[in-house]
Amino acid sequence: MVEFDVMAGNKAVAYGVKLSRVEVIPVYPITPQTTIVEYIGNFVANGELKAEYIQAEGEHTAMGMAIGASLGGARTFTASSSHGLAYMHECIAQAPAYRTPIVMAVANRTLGWYWSIGADYSDIMPELNLGWLVLMAESNQECLDTVIQLYRIAEDSRILLPAMLSLDGFYLSYSFEKVLIPEQEAVDEFLPPYVAKYPVDPIVSDIWPASFVPSAPQTTYRRLFEEVLGDAKKVIEDVDAEFGKTFGRDYGGLLEEYRSEGAEAVLVTMGSMTTAARRAVDRLRDEGQRIGLVKLRSLRPFPTEEFRRIAERVDAIGVVDRMVLHGTGGGGAFADLKSALYSLSERPKLLNFIAGMGGEDVPVEDFMVMGKKTLRAVEKNNVEREIEFVEHAPPPSPEPVAVGKKMPIYPASGACAGCGASIILRNILDVLGLNTTIINPPSCSTVNYPSQVAVPWVLANFAAGAGYATGIYRAYRVKGKAGKINVMIFSGDGGTVDIGLQALSGAAERGEPLIWICYDNEAYMNTGAQRSGSTPLFTNTTSTPVGRLLRGKHEQRKNMPLIMAAHRIPYIATASIAYLPDLRRKVKKAAEIAASGRGLAYVHIQQPCATGWYFPEEKTVEVARLAVMTGAWPLLEIEDGKLKINVKLKDLRPIGEYLNLQGRFRHLTGGEVDEIQKEVTHLWDSWLELEKKENLPWY
Amino acid sequence: MVTLKRESFEVKGLILRGGKDVGGLNVASWRIFKPVVEADKCRRCWLCVMYCPEGAVTEGEQSAIIDLRFCKGCSICANECPAKAIEMVKEE
C-alpha cells in the first residue's frame with residue numbers, strides 16, 4: 001500500500017531527497033527554504049538517510065560544496081531562496097560547465113528591492129540563462145515527484161547538467177496538502193545510484209572536467225550547450241512519462257494543457273497560481289467561454305516548439321508572470337513566449353499580466369478578469385493593452401503611538417515577549433543617542449525594530465554589513481563628519497561569526513572606526529534556530545537536531561574575541577544583559593574609541609532567546625546571569641591588547657545550573673554535561689592565563 | 001512586523017521611513033498576565049526600567065510606572081525585582 005501524509009511542500013521536497021538517497025547535502029538557512037533542510041537534518045539525525053549533511057557559513061560556500069561534492073562523484077542536493085540564491089550566483093554559473101548534476105530546490109521569494117519573504121520569480125530570474133534545467137511545481141506532490149525525476153534527468157549522460165526545482169514560497173513551502181510517499185524499492189528501481197562518468201578522483205580517473213578553454217571554441221561550446229538543453233526536452237518528457245507509468249502520476253512533461261480543446265484563447269501560468277487559474281477556467285467554461293490553460297512546467301529548457309503548436313490553434317494567449325524583466329516593460333515568460341512565436345507566419349494576439357509580486361495572492365476572480373481580457377482580444381481582433389500590472393490596494397497599517405518626545409527607539413516592537421535583543425538595543429541606543437546610524441545585516445532585529453527607531457536604520461545584505469558601514473563612514477569622512485556620527489553595526493551571530501566574517505575582518509584590518517555590536521543568540525533565530533559558528537557544543541538546533549544517531553551540535557563555538565584580537569583592533573569586549581552598567585560602559589567606550597578614529601571597536605553581547613533556547617520568557621535576564629556566573633559567557637575586555645576579566649567570581653557555579661534552565665540542552669547526559677564543564681573551565685583558565693600577561697603578546 | 005510607508009514627493013517610487021511614521025507600538029493585546037506595581041514595596045532601584053525589553057517602564061515619583069499599552073506581559077520586571085514589588089495578575 002502506498003503511504004501518504006499531509007505535509008508542507010518543504011517536507012515533500014525533503015522526502016524526495018530521502019527517497020533519492022542523496023549522498024551530500026550542503027545547506028544554509030534562509031526563509032522560506034529553511035524547513036527543507038531542517039526535515040532533511042532530522043532524517044540524517046535519525047539514521048533514515050545516510051548522507052553527509054553540512055551547514056555552511058554562507059550560501060556561496062554551500063554551492064561551492066555542492067559543486068565539489070558532485071565533482072567528487074556524489075549525488076548532491078542543496079536548497080535556497082532569494083538573496084541566498086543570489087549569493088550563490090557565481091558558483092551557480094560554474095556548475096553547468098563542470099557538468100555537475102546537482103539538484104537544488106528554490107523556495108521562491110522576491111529578491112532585493114522592497115524586501116518581502118513572499119514568492120515571486122525575481123530570485124530565479126537571474127539564474128535562468130546559465131545552463132541549468134528549471135522546473136516549476138504546482139503542488140506539494142509535484143515537488144516530491146519532481147525531485148526524483150530531476151535526478152534521473154540531470155544524471156542522464158546525454159544531459160549531465162544541474163537542475164532547479166522551483167516551488168513557490170509559502171504557497172507551497174509552508175502549505176499543507178496530502179502527499180503520497182512512493183515506496184523506496186520502486187524509487188530505487190526508477191532511479192539507480194549515481195555513478196559519475198569523470199569524477200575528480202585520482203584513484204579511479206586521471207581526467208576530469210575542465211574549467212578553462214581558450215576564446216576560439218567558446219562559441220562552439222555555447223552552441224553545444226544549447227543542443228544539450230534541447231536534447232533535455234525529450235529526456236524531461238520521457239522521464240515524466242515513465243514516472244507516470246511507474247507511480248501513476250505525471251505532469252505533462254514540459255507543459256500541461258488544461259481544458260484547451262477547442263479554445264480560442266489560453267492563459268499561461270507557472271507554479272502554484274496555476275491551481276487558482278484552473279478554477280477560473282472552469283468557471284469561464286461554465287459560462288460558455290472558449291478558454292483553456294497552459295501550465296508552463298519547464299521554464300528551462302523553454303518549450304518553444306510546443307508553444308508554437310499551441311499558437312497555431314488559438315487566437316490569443318495571456319501570459320501571467322510573477323517575474324518582471326525591469327527595463328523591458330514586461331514579464332519574463334512573456335518575453336520568452338513572444339520571441340518563441342515571432343518566426344511564425346501567423347501569430348496569435350499576446351497579452352501579459354504581471355501579478356502576485358512579493359507574494360501577493362492572485363485570486364480566482366483576477367484570473368477570470370485576465371481570461372476575459374484575453375478573450376476580448378480575440379473578439380475585437382485587437383490588443384487594447386499589451387502589458388498590464390494587476391494591482392491591489394495595500395491593507396491599512398497600524399498608526400504609531402505618539403509618545404510626545406523624540407527618542408532613538410520608541411516603546412515596544414514586534415519582537416517576542418521577553419526578547420533579550422530588545423533589552424540590548426534599547427540600552428545601546430540610550431548610550432549612543434540620536435546621532436547614530438544603524439547598519440543591520442538581516443536578523444530578527446530587521447523584522448522588529450526599523451519601524452520603532454528615530455535614527456537611520458539601514459538594512460545591509462547579509463555578508464556585507466561591514467561593507468555598508470565602511471561606505472557610510474567614508475562618506476561621512478569625505479563630508480567632514482568623521483567622529484560626529486556613531487556608525488554602529490547591529491548584527492546577529494550569523495552576520496558576525498559566519499557569513500559576515502570576511503567583510504568584518506576586512507574592516508578590522510583596514511582600521512575602519514566602526515562600532516560593531518554582535519548580539520549573539522547562538523543560532524540563526526530569524527529562520528527558526530539553526531546552528532551557527534557561535535552555537536555551543538551539544539546544542540539542539542533545528543539543523544543539528546538530537547536524534548537516534550546525533551546529539552546536537554558536535555563542534556565547539558568560535559572564539560570571536562580572540563579572532564578579533566588577532567586583528568589588533570583597539571577595543572574588544574564581551575557583555576551581558578544581566579550586567580547592564582558594565583554593558584553600557586563598554587558601548588560608551590566603544591563609541592569613544594571609534595569617534596577618535598583609532599579603529600574598529602567590537603562588542604559581543606550574549607542574548608538569551610526564550611523562543612530558540614526554550615526557557616520561560618521571564619527568565620531571559622536570569623539565564624544571562626547564570627551564563628556569566630558559570631563561566632559559559634565570560635565578561636572581558638581587551639583594550640589596546642590588555643586583557644581584563646570584568647566579572648571574576650571566586651568559584652564558578654557548576655555549568656548544570658545554566659544548562660538545566662534551557663530546553664535546548666534537555667537531552668544532555670551526565671557525561672555530556674561533564675564534557676561541557678571541562679571545556680568551559682578550560683577556556684576560563686585560558687582567559688585567566690592571558691590576563692596575567694602585560695599585553696596580548698602580538699599587540 | 002509593522003510596515004509604515006511614505007512615498008517621496010520628489011522621487012517617483014521611492015519609499016521613505018522615519019519621521020512621523022515611527023513611534024510606539026500598542027502591544028496590549030499580546031498580554032496574558034499584566035504587571036502590577038506595589039508602590040510601597042518599590043525601592044526605586046529602576047532595574048525594571050533598564051531590563052524592560054519594551055521600554056514600557058519609567059521612573060515615577062513613588063515607584064515604577066508601567067505603560068500597559070507597550071507591555072507584552074513577559075514578566076522579566078517581576079522576575080528581576082529585588083523587592084518583589086511587581087506582581088503578575090491574569091488579564092480579565
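Each chain gets a letter, A, B and so on, in the order its sequence line appears, and its residues count up from 1.
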### Residue B/Arg69 versus chain A: region with a heavy atom under 4.5 Å
side chain
### Task
Please state whether the side chain, the backbone, both or neither of B/Cys52 comes within less than 4.5 Å of a heavy atom of chain A.
backbone
### Task
Sort A/Val455 into side chain, backbone, both or neither according to what part of it lies under 4.5 angstrom from a heavy atom of chain B.
neither
### Query
Which region of A/Pro616, side chain (C-beta onward) or backbone (N, CA, C, O), has a non-hydrogen atom less than 4.5 Å from a non-hydrogen atom of chain B, or is it both or neither?
neither
### Query
Below 4.0 angstrom, N of the basic side chain to O of the carboxylate: do B/Glu80 and A/Arg625 qualify?
yes
Which one of [options] has the most heavy-atom pairs closer than 4.5 Å to chain B?
options                                : result
A/Ala402, A/Cys419, A/Ser422           : A/Ser422
A/Val621, A/Leu580, A/Val403           : A/Val621
A/Glu622, A/Lys619, A/Glu618, A/Lys406 : A/Glu618

Can you tell me how far the [atom1] atom of [X] sits from the [atom2] atom of [Y], to the nearest 0.5 Å?
X       : Y        : atom1 : atom2 : answer
B/Ser75 : A/Glu617 : OG    : CD    : 6.5 Å
B/Tyr51 : A/Ile577 : OH    : CD1   : 8.0 Å
B/Asn79 : A/Thr620 : CG    : OG1   : 9.0 Å

### Query
Do A/Arg426 and B/Pro53 touch side chain to side chain, with heavy atoms closer than 4.5 Å?
no
### Task
Would you confirm whether A/Gln452, through its side chain, and B/Val22, through its main-chain N or O, come within 3.5 Å as a donor-acceptor pair?
no
